[in-house]
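Following: one structure in structure tokens, then a few remarks.
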Amino acid sequence: MKSSALVAPFILLGISSVSGTPLGTRADTPTQTQILQYALTLEHLENAFYSGALAEFDEAAFESAGFKTWVRGSFAQIGQHEAAHVAFLTSALGRDAVAPCTYNFSYTDPPSFAALSQVLEGVGTAAYLGAAQFLPSPAVLTAAGAILTTEARHDAWVASAVLGGTPWSGALDTPLDQNQVFTLAASFITACPSSNPALPFTAFPALAVAADGGAPAAPGKSAQVAFEDSGSGDRYLAFMSGLDTTFAKIDGNKQVTIPEGLQGTVYAVVTSSNQAVTDASTIAGPAILSFPLTSP
């Protein structure tokens, strides 16, 4: 079933225990200040990701891993962009600015760093896109849009020039709401300063999706889903791609058939509804899936 909603298989991001993380109870409508604090929280994460990895891996490490000579330098420029985003949002928020947290990233070498870079840039794009509706000021919305388009360019460059894939998933990008993004971000956050305000967003339980035997999931194939669920009733795996959401029923063995036609980056959540994905109906996720693009 498909409905529209504004709101190589890749990497699954789950929740880890977070001390002092800026998560709270979701308000119906976050304020503009809270959305900017949320954006700054994500930019701090990206800034730490690039500065830490680039301090660890020099040009020789990238070249030894098989990357072109210009790849590390371009990643360094992306890192400078993220630092500029932090400075911009910090200045805009003034005394309401949040401080950086401490993080634990899963890269071990330049290839795993590059793969995780694409994940973070894609989530950043989805985060700004999903938050745009909560920015009443045209000037602030324009400024956020200027960051969003840069994040999308980062994502496209890493996907195509670095990883040899396709720089888009379809005609429309996928927005994620604040709880969905925090679910993905929380897996990298180990602790946040107690002085940071508690943002009105909540992380959902982790979700993993894999084919039988742990192989990557693929459209048209059966997959096993893993998640915690203390409730009852029917459960569905919702696949969010662009502004469309496709639902597939999860059977009693937590297996599901992935719908045909999905391609590119797809965000999947377990939900109690097969009509729409809402925070109230979400059981677990998102998980990030990536499927090959099909030729027209």
Query raised in the report: If only atom types and distance count, is the side chain of S281 paired as donor or acceptor with the main-chain N or O of T271 below 3.5 Å?
Result: no

Report task. Decide yes or no for I78 and E46: does some side-chain heavy atom of the first lie under 4.5 Å from some side-chain heavy atom of the second? Result -> no

Requested in this report: Output the distance between atom CD (E63) and atom OG1 (T69), rounded to the nearest 0.5 Å.
Outcome: 6.0 Å

Donor-acceptor pairs under 3.5 Å, side chain of residues 48-56 to any protein atom, not counting sequence neighbours: which ones?
from, atom 1, to, atom 2, distance (Å)
Y50, OH, S117, OG, 2.7
Y50, OH, E121, OE2, 2.6
S51, OG, N47, O, 2.9
S51, OG, A48, O, 3.3

**Report entry** Set of salt bridge (charged side-chain N to carboxylate O under 4.0 Å, His left out) partners for K68, sequence neighbours left out
**Finding:** none

Query - Pair listing, ring-ring contact (aromatic ring centres under 6.0 Å, His included) test, anchored in residues 84-103, at least two apart - result: Y103-F105

Report summary line: By ring pair (Phe, Tyr, Trp, His ring centres under 6.0 Å), H154 pairs with (sequence neighbours left out) H81

**Report entry** Shortest non-hydrogen contact between P216 and A211, atoms and distance
**Finding:** O-CB, 3.5 Å

Requested in this report: Answer whether the closest heavy-atom distance between the side chains of F227 and V225 falls below 4.5 Å.
Outcome: yes

Report task. Compare all side-chain heavy atoms of S241 with those of T246 and state whether any distance is below 4.5 angstrom. Result -> no

Query - Contact list for residues 142-171, test salt bridge (charged side-chain N to carboxylate O under 4.0 Å, His left out), sequence neighbours left out - result: none

Query raised in the report: Which distance, rounded to the nearest 0.5 Å, do you find between the CG of D279 and the CZ of F204?
Result: 4.0 Å

Query raised in the report: What's the verdict on side chain to side chain contact (heavy atoms under 4.5 Å, CB included) for L199 and Q178, showing C-alpha distance, side-chain angles and the deciding distance?
Result: CA-CA 10 Å; L199 298 180; Q178 291 72 57; over 6 Å; no

Query raised in the report: Looking only at atom types and distance, does a side-chain atom of T125 sit under 3.5 Å from a main-chain N or O of A152, one as donor and one as acceptor?
Result: yes

Requested in this report: For residues T174 and M240, report the shortest heavy-atom separation together with the two atoms involved.
Outcome: CG2-O, 3.9 Å

Query raised in the report: Pairs in or reaching into residues 72-100: which pass salt bridge (charged side-chain N to carboxylate O under 4.0 Å, His left out), with residues at least two apart or in two chains?
Result: none

Report task. Determine yes or no for a side-chain-to-main-chain donor-acceptor pair under 3.5 angstrom, with T90 supplying the side chain and A97 the backbone. Result -> no

Report task. Ignoring hydrogens and angles, tell me if any N or O in the side chain of N196 forms a donor-acceptor pair with the backbone of A99 under 3.5 Å. Result -> yes

Query raised in the report: Which distance, rounded to the nearest 0.5 Å, do you find between the CG of L237 and the CG of N274?
Result: 12.5 Å

Requested in this report: Please round to the nearest 0.5 Å and tell me the distance separating atom OG1 of T245 and atom CZ of F239.
Outcome: 11.0 Å

Report summary line: side-chain hydrogen bond (donor to acceptor under 3.5 Å, both in side chains) filter on Q224, not counting sequence neighbours, yields Q255

Requested in this report: Show your working on side chain to side chain contact (heavy atoms under 4.5 Å, CB included) between L120 and L45 and close with a plain yes or no.
Outcome: CA-CA 9 Å; L120 294 181; L45 186 152; 4.0 Å; yes

Query raised in the report: Short question: side chain of Q32, backbone of S137 - any donor-acceptor pair under 3.5 Å?
Result: yes

Query raised in the report: Do P197 and V98 touch side chain to side chain, with heavy atoms closer than 4.5 Å?
Result: yes

Query raised in the report: What is the minimum heavy-atom distance between T202 and T183, and which atoms define it?
Result: O-OG1, 4.3 Å

Report summary line: Looking only at heavy atoms, the pair that brings S272 and Y236 closest together is O-CE1, 3.9 Å

Query raised in the report: Can you list the residues that meet the ring pair (Phe, Tyr, Trp, His ring centres under 6.0 Å) rule with W157, with sequence neighbours excluded?
Result: F75

Query - side-chain hydrogen bond (donor to acceptor under 3.5 Å, both in side chains) against S74, all qualifying residues, sequence neighbours excluded - result: none

Query raised in the report: Closest approach of L42 and A185, non-hydrogen atoms and distance?
Result: CD2-CB, 4.0 Å

**Report entry** Exam field: side chain S91 to backbone A87, donor-acceptor pair closer than 3.5 Å
**Finding:** no

Report summary line: Quick note, salt bridge (charged side-chain N to carboxylate O under 4.0 Å, His left out) partners involving residues 217-233, not counting sequence neighbours, are D229-R235

Query - Residue pair T149, Y128: steps toward the side chain to side chain contact (heavy atoms under 4.5 Å, CB included) verdict - result: CA-CA 9 Å; T149 54; Y128 277 96; over 6 Å; no

Query raised in the report: What distance do T29 atom OG1 and Q133 atom CD have between them, rounded to the nearest 0.5 Å?
Result: 8.5 Å

**Report entry** Contacts of type salt bridge (charged side-chain N to carboxylate O under 4.0 Å, His left out), residue D234, not counting sequence neighbours
**Finding:** K249

Requested in this report: Please tell me if the side chains of L40 and V86 come closer than 4.5 Å, counting only heavy atoms from C-beta onward.
Outcome: yes

Report summary line: Q263 and P292 have their tightest heavy-atom pair at CB-O, 3.5 Å

Query raised in the report: CG of L141 to CG of L148: how many Å apart, nearest 0.5 Å?
Result: 9.5 Å

Report task. Please list, chain by chain and in numerical order, all residues satisfying ring pair (Phe, Tyr, Trp, His ring centres under 6.0 Å) with Y38, sequence neighbours excluded. Result -> F182, F201

